[in-house]
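From a predicted model like this one, the values you see are computed outputs, not experimental measurements. We name chains A, B, ... by the order of the sequence lines, and we start the count at 1 in each one. Hydrogens, waters and symmetry mates play no part in the numbers below; they use all other heavy atoms, side chains included.
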There are 2 protein chains.
Amino acid sequence: MALTKWKERERQQRQNDIIDAARKLLADRDFDQVSMDEIAGQIGLGKSTLYLYFKNKESLYFAIVLRGIRIWAEMVKKEVKKGNTGLEKFKLYGKANRDFSNKYPDYFRLLYSPTSIRKQFDMDKMSSSEEFQEVRELFKEIMSIGIDFIQKGIEEGEIRPDVDPTEATILLSVIYNGKVNMGDWAKELLENRGIDDEKFSKDIGDLFIHMIVKDTD
Amino acid sequence: MALTKWKERERQQRQNDIIDAARKLLADRDFDQVSMDEIAGQIGLGKSTLYLYFKNKESLYFAIVLRGIRIWAEMVKKEVKKGNTGLEKFKLYGKANRDFSNKYPDYFRLLYSPTSIRKQFDMDKMSSSEEFQEVRELFKEIMSIGIDFIQKGIEEGEIRPDVDPTEATILLSVIYNGKVNMGDWAKELLENRGIDDEKFSKDIGDLFIHMIVKDTD
DNA sequence: GTTATATTACTGACTAGCTAGTCATAAATA
DNA sequence: TATTTATGACTAGCTAGTCAGTAATATAAC
């Protein structure tokens, strides 16, 4: 019985290897542009083998995304505990997002693809994937956290009451979405001014807070 | 001579038709997902015919993008004339961006693709395209306009001096980039709160101004 | 402890279908 | 008749997914 359990772990490890190989390849190319052959080749397997671990390509894709969003959700939940007021917690919420995007850029980029470049997917295969549903739920959960803290901040009088919590939270997400997909031309402009990615990230965070707090000085 | 001129117009008209058909198809699908066959079929032509008007697929793509960015640049330049101070002009700059995204959503979405999803393109073919170079120049020009007005606004004391003009302008562009590519899940959250796209656009604009002006009240 | 059997892990070759781009030929027009 | 415009059939190459059969490992029998 311990044996079958060990077998199970072995199997999960292999599944893990596949996910990892695919993630690396998908970090800078689109779903359509990475073939199952290439993913399999990356870890010295035949393509057919992938289908023993994943129903189809979409399923593999969302397995990666799911892994990423789980990490994201975890980081957010952990970070916001450090704050007390709504504003504090929302600042930490923003920081967690930034940290995640810096620490796991591959996942982060990937995470914004399925929701935005959804047209590349076969909707039927997508919906049938359990992973897809969980990703969707976690996304909504993460958004809810931000929304609640802005709401709290408004009630506590630190955030302007005319700020719509949903809009502001989505805007934060929109900014990160835009930033990861930012084109080379924009990057060039920043570099010419001596602004690296990290500084830009941080400054965006600061600007965002200016956007919602009651008093700027 | 008048005849050859008419011929030339005829040719341009046809080229125009192709661009238009392609634009419509590319509005909600990726470069890779729209075939030359489909574009040609859309206006009752054979695929081979497209190659009489465009060197290759990339060239056709950038012809569309070029058309779009020309309209965008024109709208921006026209709108900002209405203002006087730097802040006023930057507000109009933001408005022009918003108007363009509302009036020509297809172009707008497309415009952010080549810079972000550049990995789908064959770089050699891309660079060799004259259209690509002009698109690049116009993009930089549009960014410069925003940067200059924020700078002016700072000098005039209406915009906070700790705002970096380049960062802020790029951020505006990043926001629009993110917004056009915003996923269905985020859209859903907004809809559930009764916020339609137009309201969200406008509110983003207002929030953005809060981000940079000196005094909020 | 060795051999036979059952289970599991894996893969090469294949199907069916799609793609961009070419080119000799045909149609339309000057 | 000459020129421009258009195309159908083709090449060469790629893709996801399948499946019969092979290799490796685990269990059972002797």
Subject >> All side chain to side chain contact (heavy atoms under 4.5 Å, CB included) counterparts of B/V180, not counting sequence neighbours >> reply: B/F108, B/Y112
Under 3.5 Å, side-chain donor or acceptor atoms of residues 93-100 of chain B against the rest of the protein: list the pairs with distances, not counting sequence neighbours.
residue : atom : partner : partner atom : Å
B/Y93   : OH   : B/I142  : O            : 2.8
B/K95   : NZ   : B/D99   : OD2          : 2.8
B/N97   : OD1  : B/W72   : NE1          : 3.0
B/N97   : ND2  : B/Y93   : O            : 2.7

Nearest-Å distance for atom pair [atom1]/[atom2], residues [X] and [N]:
{"X": "A/E58", "N": "D/dA16", "atom1": "CD", "atom2": "P", "answer": "10 Å"}
{"X": "B/L60", "N": "C/dA20", "atom1": "CG", "atom2": "P", "answer": "11 Å"}
{"X": "B/E38", "N": "C/dT19", "atom1": "CD", "atom2": "C1'", "answer": "12 Å"}
{"X": "B/Y51", "N": "C/dA24", "atom1": "OH", "atom2": "C1'", "answer": "18 Å"}
{"X": "B/M36", "N": "D/dG8", "atom1": "CE", "atom2": "P", "answer": "16 Å"}

Original post:
How are the rings of B/W185 and A/F132 set to each other: parallel, tilted or perpendicular (split at 30° and 60°)?
Top reply: tilted
Original post:
What distance do A/Y176 atom OH and A/L111 atom CG have between them, rounded to the nearest 0.5 Å?
Top reply: 14.0 Å
**OP:** Only counting residues at least two apart or in another chain, list the ones meeting side chain to side chain donor-acceptor pair (under 3.5 Å) with A/E134.
**Re:** A/R70
Original post:
What one-letter contact string describes nucleotides 10-17 of chain C from 5' to 3', where B marks a base within less than 4.0 Å of any protein heavy atom, S marks contact via sugar-phosphate atoms alone, and - marks no contact?
Top reply: BBB-----
N/O to N/O distances under 3.5 Å, protein versus nucleotides 25-28 of chain C:
none

**OP:** Return yes if some donor-acceptor pair links the side-chain N/O of B/D30 with the main-chain N/O of B/Q33 below 3.5 Å, else return no.
**Re:** no
Original post:
Which one of B/D196, B/D197, B/D203 satisfies the side-chain hydrogen bond (donor to acceptor under 3.5 Å, both in side chains) criterion with B/K199?
Top reply: B/D203
**OP:** Any pair with a residue in residues 38-49 of chain B that passes side chain to side chain donor-acceptor pair (under 3.5 Å), sequence neighbours left out, goes on the list, sorted by first then second residue, please.
**Re:** B/R29-B/E38
